[in-house]
Amino acid sequence: MDTDSSTNTTGILDYFRQAGMNLFSGILVLVVGFFLVHWIGKLLKHNKKFLAIEPTLRGFLQNLVKIALSVIVVLTAVNIMGIPMTSVVTLLASASVAIGLALQGAVGNLLGGLILLILRPIRAGEYVKIGDSEGTVKTVGAYYTELITVDNKQLCLPNGALTNTTIVNFSREGTRRLDLEFSVDYSSDLDQVYRVLNDLVAQETVILSDPAPQIVLSKCADSSMDFAVRVWVKTADYWPVNFRLLDKGKRALDAAGITIPFPQMDVHVKS
């Protein structure tokens with residue numbers, strides 16, 4: 001009996017000793033592994049080829065690499081600790097199903113973020129209109145896209161909604177057509193109006209010559225003749241040229257004695 005008890009005690013001690021060694025080894029793997037993950041992340045940040053990647057995609061890839069390496073470290077540590085991998089896989093599968101059902105919106109946003117990063121309809125620094133929201137793209141994250149409006153407000157739009165919404169990108173092509181309309185009185189001399197508007201356009205050196213500017217009588221309205229001025233400019237010049245042409249156009253028409261009419265109606269009374 002004493003021999004059996006001694007053997008059992010030795011076996012229990014050996015078991016706990018081995019379990020302790022496995023636990024220590026697993027913790028050591030976790031510490032060293034997470035240190036290596038952090039070190040690899042810093043290497044990526046300073047890698048020239050990685051820095052050449054578009055900022056939005058770079059941030060997503062950096063997070064993806066970090067998560068993937070962290071999962072590998074955790075699974076390796078769990079295996080070293082002696083925990084059966086089949087149990088871990090089963091637990092992870094069950095947890096993923098439960099989490100997936102609870103976070104359907106978050107999963108949809110994550111998939112939307114992947115689609116945006118693969119197809120790249122928008123990039124950081126571009127000016128876009130998404131639904132009723134408009135602004136400059138700051139980042140396209142894993143779950144949300146950040147826009148900065150012209151009055152410096154930050155908008156966070158869920159990526160899942162972006163993949164089902166019309167996106168208007170004003171920056172991608174590099175040039176835009178500026179459409180302005182000037183209304184003049186019916187008594188105005190057409191040739192004089194054309195001369196004033198052509199001189200107005202000729203004074204703007206940033207207006208592109210190809211495609212050529214277009215000035216046409218677009219509509220004979222109830223109270224006015226409406227002239228369309230269509231010019232092409234670089235995207236960065238769009239708003240400055242827009243405001244300058246409106247200001248100078250009004251002044252030029254006034255200086256030429258050309259009236260810009262108010263809406264009016266003629267009433268005929270029969271006796």
Note, [X] side chain near [Y] side chain (heavy atom, < 4.5 Å):
X    : Y    : answer
V201 : L197 : no
V231 : E204 : no
L147 : Q154 : no
I258 : D185 : no
V168 : E134 : no
L245 : L178 : yes

Minimum heavy-atom distance between [X] and [Y], given as atom pair plus value:
X    : Y    : value
S223 : P261 : O-CG, 3.4 Å
A256 : Q192 : O-NE2, 3.2 Å
L162 : L116 : CD2-CD1, 3.8 Å
D226 : S224 : OD1-OG, 2.9 Å
F182 : L200 : CZ-CD2, 4.2 Å

Atom [atom1] of [X] and atom [atom2] of [Y]: how far apart are they, to the nearest 0.5 Å?
X    : Y    : atom1 : atom2 : value
L30  : S70  : CG    : OG    : 10.5 Å
L155 : K153 : CG    : NZ    : 8.5 Å
I167 : L157 : CD1   : CG    : 9.5 Å
M225 : S187 : CE    : OG    : 7.5 Å
E181 : R230 : CD    : CZ    : 9.5 Å
D254 : I260 : CG    : CD1   : 5.5 Å

## Note on the structure
The side-chain contact (heavy atoms from CB on, under 4.5 Å) partner of Y127 among N169, I122, T235, V150 is V150
Same cluster (ILVMFWY, side-chain, under 4.5 Å), [X] and [Y]:
X    : Y    : answer
V73  : V31  : yes
L190 : L180 : yes
V184 : V216 : no
F170 : I130 : no
V140 : I148 : no

### Query
Apart from W232 itself, which Ile, Leu, Val, Met, Phe, Trp or Tyr residues share its cluster (side-chain heavy atoms under 4.5 Å, direct or through members)?
L208
### Task
Please step through side-chain contact (heavy atoms from CB on, under 4.5 Å) for the pair K66 and V37, ending with a clear verdict.
CA-CA 6 Å; K66 185 177 180 180; V37 170; 3.9 Å; yes
### Query
Considering residues at least two apart in sequence or located in another chain, which fulfil the ring-ring contact (aromatic ring centres under 6.0 Å, His included) criterion with F34?
none
### Task
Using a cut-off of 6.0 Å, state whether more than 12 heavy atoms not belonging to Y144 lie near its atom OH.
no
### Query
Is the number of heavy atoms from other residues, nucleotides or ligands under 6.0 Å of N152 CG greater than 12?
no
### Message
If you take the centroid of each ring, where Trp contributes its six-membered ring, are W39 and F35 closer together than 6.0 Å?
### Response
no
### Message
For the backbone of P121 and the side chain of R172, can you confirm whether one donor and one acceptor N or O come within less than 3.5 Å of each other?
### Response
yes
### Query
What residues, two or more places apart in sequence or in another chain, satisfy side-chain contact (heavy atoms from CB on, under 4.5 Å) together with D132?
none
### Task
Specify whether F227 and Y194 have parallel, tilted or perpendicular ring planes, treating 30° as the upper limit for parallel and 60° as the lower limit for perpendicular.
perpendicular
### Message
Name the residue from K250, R244, R251 that meets the side-chain hydrogen bond (donor to acceptor under 3.5 Å, both in side chains) definition with D247.
### Response
R251
